[in-house]
Amino acid sequence: MLAAGVLAGALTPGAEAAEADPPGRGLTTQEAIDWKPCSKDASAECGTLRLPVDWARPSGEKFDLAVARRKATDPDRRVGVLLVNPGGPGASGVDFAVGDATSYFSADIQEKFDIIGFDPRGVGRSQPVKCSQKLLNQRPSPYPRNQAEFDQLAEFNRTLREDCRRHSGPVFDHADTLSVVRDMDAIRRSLGEKKINYFGHSYGTLIGEQYAEQYGDRIRTMALTANIDHSLGAREFLVSSAATAEDSFHQFVKWCESTSSCALHGRDVTAVWDNLLARADRGEIHDPESPDQVLTANAIAFTAFKEYFYGPDWDELATYVAELDAQEPKERRPSQQPQPGTSQGAEQQTIAEPFYAVFCQDWRFRPKDYREFAGLTTAELRAAPHMRGAPRTHAAVAGCVGWPDEVNNPQHRLRITEAPKILMLHSLHDPANNYAWATNVHRQTRRTTVLVPYEGAGHSVYGRSDCTRDAVDDYLTELKIPSAGSRCGPAAMN
């Protein structure tokens with residue numbers, strides 16, 4: 001069970017409302033949200049907030065930030081607003097608030113908070129970053145084999161960046177998280193709230209961390225799960241990402257060895273996996289859903305990572321590996337690049353692609369030549385020999401090769417001085433965000449943060465068990481903070 005203590009000065013529901021700014025104070029008419037029933041669910045409200053593209057030039061060009069609200073279901077017990085971000089970068093907070101919040105958050109949270117979701121600038125309905133579909137289909141391998149291929153990768157990235165800037169407008173150059181933080185405070189002002197509550201998951205924790213740096217005195221509570229450490233250099237980032245993916249692979253192997261329902265139970269799972277990737281290297285494995293499509297070893301590793309480690313869904317992963325392993329050897333055929341589908345078929349010329357616009361402005365990762373990049377790749381492969389390195393973050397770093405050196409929001413150690421206690425939760429066996437990231441953030445902000453480890457696997461944390469849910473709920477609603485050294489045990493695995 002989770003032991004908890006109470007922060008001094010706990011507020012009663014609604015206590016902060018009396019101190020709130022008048023709605024719209026300091027905002028123009030265009031900056032107030034005009035709420036209307038959401039088209040997908042009329043029980044939620046949707047609207048837009050007109051904000052500067054460049055906060056250094058507030059009177060310059062504007063864009064519309066999409067916002068959604070689910071009002072507290074028990075107005076008499078209302079505590080305040082709870083802004084949420086589900087991660088990414090690129091996930092829609094509007095979709096989360098409208099479609100997922102009612103099944104994700106407990107009834108207690110829904111009763112006491114107006115849940116506010118927003119699409120960060122460049123994402124979803126907030127002037128999305130768009131790029132040419134045809135050009136995206138030509139993306140080269142993120143694993144260059146020599147200087148010439150490295151130069152080709154850099155040139156492609158420069159071409160793609162200019163293409164995306166042309167299709168997206170000036171918001172592309174201001175899609176960084178620090179700009180999102182300023183947008184979030186504009187939401188607070190538009191709602192007339194003196195202080196906000198915030199729940200951020202994964203990349204959404206970076207928004208929370210930097211909001212606490214900039215506007216710590218405007219926070220009532222902040223809960224962060226699957227935390228990002230924004231102080232890491234490229235080597236630390238890649239190696240720690242690879243190590244935690246490799247750890248999840250070993251968690252899968254242990255589960256399969258002890259679970260009779262595993263499709264690979266009784267076999268040497270590691271040997272089966274390594275042999276499967278070796279066969280993929282020889283072009284012998286094909287996509288079951290597209291038999292003409294050869295699956296690379298990196299594609300198989302990425303599918304295991306993203307589709308099955310996050311849950312984790314060990315049963316489904318075992319079945320997936322067993323089915324690929326059972327394929328009969330086929331004549332090798334040239335690999336064909338998959339053509340991403342679109343909802344409007346061939347007529348659609350652009351597709352939303354916000355990831356690199358955000359990531360490459362938040363991190364100063366710019367390998368200068370093949371030698372430097374190869375050194376990073378070797379280090380991550382050494383940390384994750386079975387997973388072939390860091391499945392997602394390698395591609396992220398490769399996508400910034402060739403970008404300008406200037407970064408809007410370069411990484412740094414957190415400096416939080418005015419925020420109240422912030423609650424952090426993190427899985428010990430998170431496949432994407434290494435647990436060391438959470439301990440690093442906690443070390444940088446020890447006077448401000450409390451870290452509760454979840455002693456299990458998977459990327460999501462809040463709904464993992466009664467312990468993790470209660471830790472967040474009690475903190476957000478009653479300002480009860482877990483005592484130092486609190487931990488949540490692992491949930492039973494299927």
**Between CE on residue M222 and CG on residue N197, distance to nearest 0.5 Å** = 9.5 Å
**Prompt:** Just checking, is any N or O donor in the side chain of S179 or D176 under 3.5 Å from an acceptor N or O on the other one?
**Reply:** yes
**Message:** If you apply the rule side-chain hydrogen bond (donor to acceptor under 3.5 Å, both in side chains), what do you find for Y356 with N157, and how did you get there?
**Reply:** CA-CA 10 Å; Y356 292 99; N157 287 343; over 6 Å; no
**Request:** Please round to the nearest 0.5 Å and tell me the distance separating atom CZ of R413 and atom CZ of R415.
**Result:** 9.5 Å
**Message:** Under a 4.0 Å threshold between the charged nitrogen and the carboxylate oxygen, would D95 count as salt-bridged to R125?
**Reply:** yes
**Pi-cation contact, F309 with K306 (under 6.0 Å, within 45°)** = no
**Prompt:** Do the charged groups of R182 and D185 touch, with an N to O distance under 4.0 Å?
**Reply:** no
**Message:** I'd like to check the side chain to side chain donor-acceptor pair (under 3.5 Å) partners of S202; sequence neighbours left out, ordered by chain and number.
**Reply:** N433, H459
**Prompt:** Which of parallel (below 30°), tilted (30 to 60°) and perpendicular (above 60°) describes W437 and F237?
**Reply:** parallel
**Asked** Is a salt bridge present between R364 and D405, judged by a nitrogen-to-oxygen distance below 4.0 Å?
**Response** no
**Prompt:** Taking atom CG of N409 and atom CD of Q210, what is their separation to the nearest 0.5 Å?
**Reply:** 4.0 Å
**Item:** Over-ring placement of R158 relative to W403, 6.0 Å and 45° cut-offs
**Value:** no
**Asked** Between T468 and Y462, does a side chain to side chain contact (heavy atoms under 4.5 Å, CB included) hold up when you go through it step by step?
**Response** CA-CA 5 Å; T468 56; Y462 168 72; 5.8 Å; no
**Complete:** The salt bridge (charged side-chain N to carboxylate O under 4.0 Å, His left out) partners of R145 (sequence neighbours excluded) come to E149
**Asked** Is the shortest side-chain N to carboxylate O distance from D163 to K130 below 4.0 Å?
**Response** no
**Asked** When rounded to the nearest 0.5 angstrom, what distance separates CZ in F96 from CD1 in I116?
**Response** 12.5 Å
**Asked** So, E213 and H412: side-chain donor and acceptor under 3.5 Å apart, yes or no?
**Response** yes
**Complete:** Taken in chain and number order and not counting sequence neighbours, the residues that satisfy side chain to side chain donor-acceptor pair (under 3.5 Å) with N146 are none
**Prompt:** Using the ring of each side chain (for Trp, its six-membered ring), is F199 parallel, tilted or perpendicular to Y104, with breaks at 30° and 60°?
**Reply:** perpendicular
**Request:** Tell me, with the steps shown, if S132 and Q349 meet side-chain hydrogen bond (donor to acceptor under 3.5 Å, both in side chains).
**Result:** CA-CA 6 Å; S132 166; Q349 301 300 312; over 6 Å; no
**Request:** Could you grab the distance from atom CD of Q251 to atom OG1 of T244, nearest 0.5 Å is fine?
**Result:** 9.5 Å
**Request:** Give me the ring orientation class for H394 and Y143: parallel if the planes are under 30° apart, tilted from 30 to 60°, perpendicular past 60°.
**Result:** parallel
**Prompt:** Should W55 and L178 count as side-chain neighbours, where that means a heavy-atom distance under 4.5 Å?
**Reply:** no
**Asked** Atom NE2 of H250 and atom OG1 of T270: how far apart are they, to the nearest 0.5 Å?
**Response** 7.0 Å
**Item:** Identified side-chain contact (heavy atoms from CB on, under 4.5 Å) counterpart of W273 within the set L324, D325, I300
**Value:** I300
**Request:** State which residue, out of M424, R464, H426, H201, fulfils the side-chain contact (heavy atoms from CB on, under 4.5 Å) condition with T225.
**Result:** H201
**Request:** Anything under 30° is parallel, anything over 60° is perpendicular, the rest tilted; go ahead and classify F359 against F355.
**Result:** parallel
